[in-house]
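Take a look at the structure set out below.
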Amino acid sequence: MPALLKDVYSPQFYDQFGQVLKTILPQFDQEQFRQLIFAEGWEAKELKERMRHTARTLHHFLPSNFPEAVGVILQTIQRLRDSQFPVQHVEFMFFPDYVELYGLEDLETSVWAMEQITQFISCEFAVRPFLLKYPERMMAQMLAWSTHDHHAVRRFSSEGCRPRLPWAMALPFLKRDPSPILPILENLKADASEFVRRSVANNLNDISKDNPELVLELLAQWKGQTKESDWVVKHGCRTLLKQGHTEVLQYFGFNGAAHLEVSGFKVLTPQVALGQDLLFAFSLKNTSETPQKVRLEYGVYYKKAKNSLARKVFKISEREFAPIEETTVTRRQSFRFITTRRYYPGEHRVSVIVNGQEKVIADFLVVN
């Protein structure tokens, strides 16, 4: 694997890809393609910028007629499969991007293209502008795709219409009213493919952030239908569970924390250097003479750029505690550099959360 994900777009990749494309387009000029790809400013481009730049560069070499260009793309995908091209898949996101860029005014061809391409590389990002431009027609198409024979197309039908798909164009109309999504999720909630079911759960989780009452209704409808749908609703409620939503907690059997006692809470690393780990410990006891189902979590209050604190919740475990059972927990939280979070020196906090209730909290310091 390259050091950075964007480096999948390497000279070797473009040379190999160009060789495949030339078998379909004999007039394809590999050297010109390479020069246009690695034009000034290439090094500064991030992953999605390189993806889009590739799609736009490819446009110079494909037929100007969009249906004909799609035909070449589909032939290329088949040739890539036949030649056992070394694929990590993320690098071919420029195929869906091509449809997004050049097919928005040709809905019929684009729908057909995305159905085929998504079986090779997901079109979940490319479909978003089509959903915005043709909302009723596209949601009807997404519903039709939810019964497709190929699992990748079924997964696409859910993933593409997620109201809050990360790194993707927003779909405000589905944030406001996600009801058009529900028949799709109904079709897929017990799908044979875990890949598909996970998308359904992620879609539910998105919906819960804007319309929690709708998710509560689904909980009541889907409860106990199949083990697959039970997993979907549980995973789809993870944000509500982390928020300590009382009704959702009770639905899953986490009935308060009155008889659950936290003691001995201590931050073992009161000062954490950037790149090191926070370490803390505590004991949890069920003081009741009846078993208690326990969801145990901790919250880290990260310092933000403007000195405010924002809590992120991490799950420790879910299990039943026997009467008078007590256990000691030691937990470690990394402050090593990651691309998805920036750490700021200063005061932070850590807390222990039991069945949605924050039981204890303590400060610690992050230093350079």
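Numbers here are sequence positions counted from 1.
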Side chains of [Y] and [X]: any donor to acceptor distance under 3.5 Å?
X	Y	value
Trp222	Glu186	yes
Lys22	Gln27	no
Gln12	Ser10	no
Thr226	Ser229	yes
Arg79	Thr23	yes
Ser199	Ser158	yes
Gln333	Tyr298	yes
Ser110	Tyr102	no

Short question: side chain of [X], backbone of [Y] - any donor-acceptor pair under 3.5 Å?
X	Y	result
Arg50	Leu47	no
Ser193	Phe195	yes
Asp191	Val200	no
Tyr98	Leu58	no
Ser283	Thr328	no
His348	Gly346	yes

Would [X] and [Y] count as a cation-pi pair here, with the cationic atom under 6.0 angstrom from the ring centre and within 45° of the axis?
X	Y	answer
Lys223	Tyr251	yes
Arg319	Phe321	yes
Arg341	Tyr302	yes
Lys266	Phe282	no
Lys312	Phe314	yes
Lys48	Trp167	no

Hey, do the aromatic rings of Phe95 and Phe92 have their centres closer than 6.0 Å?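 Yes, ring centres under 6.0 Å apart.
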Taking the six-membered ring for Trp, are the ring centroids of Phe28 and Phe61 within less than 6.0 Å of each other?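 When the ring centroids of Phe28 and Phe61 are compared, they turn out to be within the sub-6.0 Å range.
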Please say yes or no: joined through hydrophobic side-chain contacts below 4.5 Å, possibly via intermediate residues, are [X] and [Y] part of one cluster?
X	Y	value
Val262	Ile324	no
Leu249	Ile353	no
Met51	Val90	yes
Leu216	Leu185	yes

Start with the C-alpha distance between Glu124 and Arg155, add both sets of side-chain angles, then the distance that settles salt bridge (Lys or Arg N to Asp or Glu O under 4.0 Å), and finish with yes or no. CA-CA 9 Å; Glu124 65 205 53; Arg155 187 254 186 190; 2.5 Å; yes
Does any non-hydrogen side-chain atom of [Y] lie less than 4.5 Å from one of [X]?
X	Y	answer
Leu25	Val72	yes
Lys315	Arg295	yes
Phe130	Val111	no
Glu325	Lys285	no
Gln78	Asp82	yes
Leu240	Pro212	yes
Met169	Leu132	yes
Val350	Ile361	no

Closest approach of [X] to [Y] (non-hydrogen atoms, all atoms of both residues):
X	Y	value
Ser334	Tyr343	O-OH, 3.5 Å
Arg128	Leu165	NH1-CB, 3.6 Å
Ala257	Val354	CB-O, 3.6 Å
Asp106	Pro67	OD2-CG, 3.7 Å

Describe, in one word, how the ring planes of [X] and [Y] are oriented to each other, choosing from parallel (under 30°), tilted (30 to 60°) and perpendicular (over 60°).
X	Y	result
Phe364	Phe335	perpendicular
Phe13	Phe94	perpendicular
Phe33	Phe17	tilted
Phe156	Trp145	tilted

As a quick check of understanding, evaluate side-chain contact (heavy atoms from CB on, under 4.5 Å) for Leu279 and Thr330, giving each step before the final call. CA-CA 7 Å; Leu279 193 63; Thr330 301; 3.9 Å; yes
If you draw a 6.0 Å radius around NE2 in His235, do more than 12 non-hydrogen atoms from other residues or ligands fall strictly inside?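 It does: His235 NE2 has more than 12 such atoms within range.
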Salt bridge (Lys or Arg N to Asp or Glu O under 4.0 Å) assessment of Arg52 paired with Glu49: CA-CA 5 Å; Arg52 177 137 296 189; Glu49 293 174 308; over 6 Å; no
How many angstroms lie between atom CG of Leu143 and atom CE of Met138, to the nearest 0.5 angstrom?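 So the gap between those two atoms works out to 12.0 Å.
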Spacing of Phe173 atom CZ and Glu136 atom CD [to the nearest 0.5 Å]: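 It is 9.5 Å, given to the nearest 0.5 Å.
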Check the pair Lys234 / Glu318 against salt bridge (Lys or Arg N to Asp or Glu O under 4.0 Å), numbers first and verdict last. CA-CA 12 Å; Lys234 179 69 177 297; Glu318 282 184 4; 2.6 Å; yes
Under 4.0 Å between a side-chain nitrogen and a carboxylate oxygen: does that hold for [X] and [Y]?
X	Y	value
Arg164	Asp210	yes
Arg332	Asp277	yes
Glu358	Arg311	yes

Run the numbers on Leu188 and Arg197 for side-chain contact (heavy atoms from CB on, under 4.5 Å), then give the verdict. CA-CA 7 Å; Leu188 300 175; Arg197 297 195 304 273; over 6 Å; no
Pairs satisfying side-chain hydrogen bond (donor to acceptor under 3.5 Å, both in side chains), at least one member in residues 30-42, at least two apart: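 As it turns out, the side-chain hydrogen bond (donor to acceptor under 3.5 Å, both in side chains) pairs with a partner in residues 30-42, which skip direct neighbours, are Asp15-Arg34, Glu31-Gln35.
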Starting from the C-alpha separation in whole Å, work towards a yes-or-no answer on side-chain contact (heavy atoms from CB on, under 4.5 Å) for Glu297 and Ile316. CA-CA 5 Å; Glu297 300 166 299; Ile316 297 176; 5.6 Å; no
Where do Asp206 and Arg162 land on the salt bridge (Lys or Arg N to Asp or Glu O under 4.0 Å) test, with the steps shown first? CA-CA 7 Å; Asp206 282 5; Arg162 282 179 58 183; 2.9 Å; yes
Working for side-chain contact (heavy atoms from CB on, under 4.5 Å), residues Val294 and Leu260: CA-CA 8 Å; Val294 178; Leu260 299 167; 3.7 Å; yes
